[in-house]
Amino acid sequence: MTKLKKGRVFSGARPTGRQHLGNYLGAIQNYIALQDEYHCVYCIVDIHALTTMDTTEDLRQNTYEMALDWLAAGMRPEETIIFIQSQVPEVTELHTYLSMVTPLGKLTDLPTFKEKARLHPHNINYGLVGYPVLMTAGIALYKSDAVPVGLDQAPHLEFARETVRSFNFHYNTNVLIEPQMVATEFPKVLGIDGQQKMSKSLNNHIELAATPEETTRRVMKMVTDPQRIRRSDPGNPDVCNVFSLHKFFSSPEEVAMVNVECRRAGIGCVEDKQLFARNLNKFLEPFRARRAEFGRDPNLVWDVLRDGQKRASAIACQTMQEVREAIGLPKP
Ligand code: SF4
């Protein structure tokens, strides 16, 4: 029997190409799980990406690789709408209308804008200021009931909710839906340096699509408890990133064993990393098989995105008709 779903969830991610363990644990696994409870709309937000992008030469390939990884990880395109933001241009129209009810000062005061301006001082463009308005337009265009966000991102969603309320109030309508928060855990995953968040630009990542050999090679380079110099030194798993990741990919018995043996130097870091690499590679086996299946013909992924675009467009066109009507724009 088909399970009754709770409503529509929307989320977007920038096209960052091949995904890594940080992307998987931080977002993709939630995307996959939400499919069981919600009608999901997942968007590759290429327009958002343009706000901070110096060059677009890899944009198309990165979009393809990310969609391929999403599918390999378990997105079900027959249920879930997966599409590219720029291919449903209604979002830019709604962005414009929402910008009319958004005070400029509110945007420039947002900590996220200040942070982006600090990181990209050479390119503080108009799009960067309006980023949260475009984000709100994406959520509202698809009449999303809910958005998965970590607690630290709750203010972003609050901005979207306020903007929707302002629009509805301003035009005396209820055409746009105030999205609710699906409180979700987004664990911060450190890179193989054990210091900074896992990120491609820092080259401290482990790609989901890497070969088993490459995965093992990266795991063996992982920084462990810095106080553990010799094999005979007891270690502290609480400060070790290998141990943090064990918790996601190893059995509870293995995690418990490492927790005890590391502290009394009963297991060495090399041996433990080999164990972790084996478990990680085993976990990734079905992912790699699905990736090979979807990747055998690039048209498969583009067809999924084209189909997603059609389904997303149908919702967007309907919403925009209602929005134009609510605003009182002249009919064609
Ligand atoms: S034995 Fe494992 S948990 Fe302990 S420090 Fe080494 S890698 Fe980390």
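Predicted, not measured: the structure shown is a model, and the values here were computed from it. Indexing begins at 1, ligand by ligand and atom by atom, following the structure's order.
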Fill in: Residue pairs passing the ring pair (Phe, Tyr, Trp, His ring centres under 6.0 Å) test where at least one lies in residues 71-105, sequence neighbours excluded
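Pairs touching residues 71-105 that pass the test: Phe83-Tyr142.
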Worksheet entry | Donor-acceptor side-chain pairing of Gln196 and Ser199 below 3.5 angstrom |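 Ser199 and Gln196 do not have a side-chain donor-acceptor pair below 3.5 Å.
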Discussion item. Ignoring hydrogens and geometry beyond distance, is a side-chain donor-acceptor pair present between Asn236 and Arg228 at under 3.5 Å?
Written reply: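 Result is no, nothing qualifies.
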Worksheet entry | Partner set under salt bridge (charged side-chain N to carboxylate O under 4.0 Å, His left out) for Arg14, not counting sequence neighbours |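 None.
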Discussion item. Check this for me: does any side-chain nitrogen of one of Lys143 and Glu322 sit under 4.0 Å from a carboxylate oxygen of the other?
Written reply: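 Looking at Lys143 and Glu322, the cut-off is met.
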Item to complete: Spell out the protein N/O/S atoms under 2.8 Å from atom 6 (Fe) of ligand 1 as residue plus atom name.
Response: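 You should have found Cys269 SG.
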Discussion item. Can you pull out every side chain to side chain donor-acceptor pair (under 3.5 Å) where at least one residue sits in residues 39-51? Sequence neighbours excluded, please.
Written reply: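 Sorted pair list: Asp46-Ser86.
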